[in-house]
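Residue indices begin at 1 and follow the sequence shown.
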Amino acid sequence: MADPINPDYYRKYRVEVIDILEDAVAQAPDPVKGSLQYQVLKYLLRMWDKENPLQDAQKSRWYLHRLINKLEEDQAYVDIHTGDNGDGQ
C-alpha cells in the first residue's frame, strides 16, 4: 500500500527529498527566502513523478519569481541606503 504521507517519489534519490531541501535552505538569509527556495526545489525535484510536470514547473516558476522579487527588493534597499546607483562607482 502506498504511503500517502511520504510517497515513493520523495524517496527516489540516494537521499530523501526532504533532506536535500533542508540542506539547501540552511544558508538562506531569512525564513521567507528559505521557504520560497524550498518550494522552488520541491516542485522541480518531483515534477517527473507527478501527473502534470508542466504544472509543477509552473508552480516552481511562480515561487522562483517571488524569490527573485524579494532578492531584488533587498538589493534596491541596499543600493538606496549605500548610495550605490549600480554603476560600480
So OG of Ser35 and CG of Asp30: to nearest 0.5 Å the spacing works out to 8.0 Å
Under a plain distance cut-off of 3.5 Å, with no hydrogens placed, do Asp79 and Gln75 share a side-chain donor-acceptor pair?
yes
Rounded to the nearest 0.5 Å, the CD1 atom of Ile20 sits from the CG atom of Leu45 at a distance of 5.5 Å
Here the salt bridge (Lys or Arg N to Asp or Glu O under 4.0 Å) pairs for residues 53-68, sequence neighbours left out, are Arg46-Asp56
The remaining residues in the hydrophobic cluster of Val78, counting side-chain heavy-atom contacts under 4.5 Å among Ile, Leu, Val, Met, Phe, Trp and Tyr, are none
Grouping ILVMFWY residues whenever side-chain heavy atoms fall under 4.5 Å, the cluster of Tyr43 otherwise contains Val32, Leu36, Val40, Leu44, Met47, Trp48, Trp62, Tyr63, Leu64, Leu67, Ile68, Leu71
So CD of Glu22 and CD of Glu16: to nearest 0.5 Å the spacing works out to 9.5 Å
Taking every heavy atom of Gly34 against every heavy atom of Ala28, the minimum-distance pair comes out as CA-CB, 3.4 Å
message: Could you go through Asp74 and Lys33, starting from their C-alpha distance and side-chain angles, then the distance that decides it, and tell me whether this counts as salt bridge (charged side-chain N to carboxylate O under 4.0 Å, His left out)?
response: CA-CA 11 Å; Asp74 287 355; Lys33 291 179 194 75; 2.6 Å; yes
